[in-house]
Engineer: 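Here it is, the structure in full.
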Amino acid sequence: MRIMKYEGEKTDFTGLLLLADESRDMIDRYLDRGEMYILEDEGIVTGECVVTDEGGGILEIKNIAVLPRYSRKGYGRAMIDYLSSAYRGSFSILQAGTGDSPLTIPFYEKCGFKRYHIIKNFFVENYDHPIFECGMQLVDMIIMRKSIS
């Protein structure tokens, strides 16, 4: 397994990006200003992550996705561990915003994140269609944080 910063055309990974955020408009809001990392295993790109500098020592995960056939094999956690280590000393907090879903909240908690803040009605107000995960409509965004200092 190898994780590396991707310097090419980030839209080359649109398929992966859309797994984590199904709105191209939302992706376009952060993709150009973000740093992209890809995870490769045996020559196959199995995952990606986009992070942005939000100021005040906060590095935010804007998009993290693993191909479905590789999920639940530790790739997402490996990506978060890599980012935590790579940015330690430059940033003090790693942050992620996610839907209040039984799929994503436990993942972030297992990676050491804690609930920090709720942005009410985020998914309702920022997407042109309802977003569902695990059969539940996402309404509020949950901001998760972990210290990396």
Side-chain angles (χ1 to χ4, degrees), residues 2-40 45-68 70-71 74-134 136-149:
R2 177 171 83 131
I3 298 171
M4 66 199 122
K5 187 173 180 181
Y6 184 70
E7 301 288 351
E9 178 56 47
K10 296 173 195 165
T11 56
D12 290 347
F13 295 100
T14 297
L16 267 171
L17 292 163
L18 288 168
L19 287 175
D21 190 340
E22 60 186 70
S23 169
R24 283 180 183 259
D25 289 339
M26 290 299 285
I27 291 169
D28 288 343
R29 293 181 189 180
Y30 58 77
L31 194 57
D32 286 341
R33 69 183 183 95
E35 300 289 335
M36 178 179 269
Y37 290 85
I38 58 171
L39 187 148
E40 224 179 50
V45 175
T46 59
E48 64 74 30
C49 185
V50 177
V51 295
T52 59
D53 180 345
E54 297 301 309
I58 299 169
L59 180 70
E60 183 164 340
I61 297 171
K62 292 292 191 180
N63 190 304
I64 183 168
V66 173
L67 289 173
Y70 295 97
S71 67
Y75 292 113
R77 182 177 193 120
M79 195 75 102
I80 287 174
D81 289 346
Y82 175 86
L83 293 170
S84 297
S85 178
Y87 284 98
R88 185 170 287 121
S90 301
F91 291 86
S92 57
I93 296 194
L94 184 58
Q95 173 173 287
T98 188
D100 196 1
S101 160
L103 182 64
T104 55
I105 297 292
F107 165 74
Y108 283 111
E109 289 174 337
K110 286 178 186 171
C111 292
F113 288 78
K114 301 216 180 309
R115 290 174 186 252
Y116 174 75
H117 179 67
I118 296 173
I119 301 173
K120 292 284 189 190
N121 298 314
F122 178 87
F123 292 97
V124 176
E125 294 172 358
N126 289 283
Y127 287 81
D128 63 1
H129 62 282
I131 306 292
F132 289 88
E133 192 166 291
C134 296
M136 298 172 44
Q137 183 176 356
L138 301 182
V139 176
D140 301 331
M141 177 180 281
I142 311 300
I143 304 298
M144 308 288 291
R145 282 188 170 181
K146 86 181 244 175
S147 173
I148 59 172
S149 53

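Counting from 1, the numbers follow the sequence of the chain as shown.
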Engineer: Any idea which heavy atoms bring G97 and E60 closest together, and the distance?
Structural biologist: N-OE2, 4.2 Å

Engineer: Using a 3.5 Å distance criterion without hydrogens, assess whether the side chain of D53 forms a donor-acceptor pair with backbone atoms of L59.
Structural biologist: no

Engineer: Between F123 and Y127, how do the two ring planes meet: parallel, tilted or perpendicular, split at 30° and 60°?
Structural biologist: parallel

Engineer: Quick one: are M26 and K62 in side-chain contact, heavy atoms under 4.5 Å?
Structural biologist: no

Engineer: Quick one: salt bridge (charged side-chain N to carboxylate O under 4.0 Å, His left out) pairs with a partner in residues 92-107, sequence neighbours left out?
Structural biologist: D100-R115

Engineer: How far apart are the C-alpha atoms of V139 and N121, what are their side-chain angles, what is the distance that settles it, and do they pass the side chain to side chain contact (heavy atoms under 4.5 Å, CB included) test?
Structural biologist: CA-CA 5 Å; V139 176; N121 298 314; 3.4 Å; yes

Engineer: Can you check whether M36 reaches N63 side chain to side chain, under 4.5 Å on heavy atoms?
Structural biologist: no

Engineer: May I ask you to check whether over 12 heavy atoms, not counting those of R24, lie within 6.0 Å of atom CZ?
Structural biologist: no

Engineer: Identify the two heavy atoms, one from M141 and one from F122, that lie closest to each other, and give their separation to 0.1 Å.
Structural biologist: CE-CE2, 3.1 Å

Engineer: Could you check if a side-chain atom of L94 sits within less than 4.5 angstrom of a side-chain atom of Y87, using non-hydrogen atoms only?
Structural biologist: no

Engineer: Has the side chain of T104 got a donor or acceptor atom that lies under 3.5 Å from a matching backbone atom of G99?
Structural biologist: yes

Engineer: Is the shortest heavy-atom distance from the side chain of N126 to the side chain of R29 under 4.5 Å?
Structural biologist: yes

Engineer: Should we count OH of Y116 as having more than 12 external heavy atoms under 6.0 Å?
Structural biologist: no

Engineer: By the definition side-chain hydrogen bond (donor to acceptor under 3.5 Å, both in side chains), identify the one residue from E54, H117, R145 that meets it with Q95.
Structural biologist: R145

Engineer: Take F91 and V51 through the side chain to side chain contact (heavy atoms under 4.5 Å, CB included) test and state the conclusion after the steps.
Structural biologist: CA-CA 12 Å; F91 291 86; V51 295; over 6 Å; no

Engineer: Using side-chain heavy atoms (C-beta onward) and a distance below 4.5 Å, is I105 in contact with Y108?
Structural biologist: no

Engineer: Can a donor-acceptor pair be found, under 3.5 Å and without considering hydrogens, that links the side chain of K10 to the backbone of V50?
Structural biologist: no

Engineer: Given side chains that start at C-beta, do those of D140 and I119 come closer than 4.5 Å, heavy atoms only?
Structural biologist: no

Engineer: When you compare the side chain of I80 with that of F113, does any pair of heavy atoms fall below 4.5 Å?
Structural biologist: yes

Engineer: Treating K146 as the side-chain partner and C111 as the backbone partner, does any N or O pair qualify as donor plus acceptor under 3.5 Å?
Structural biologist: yes

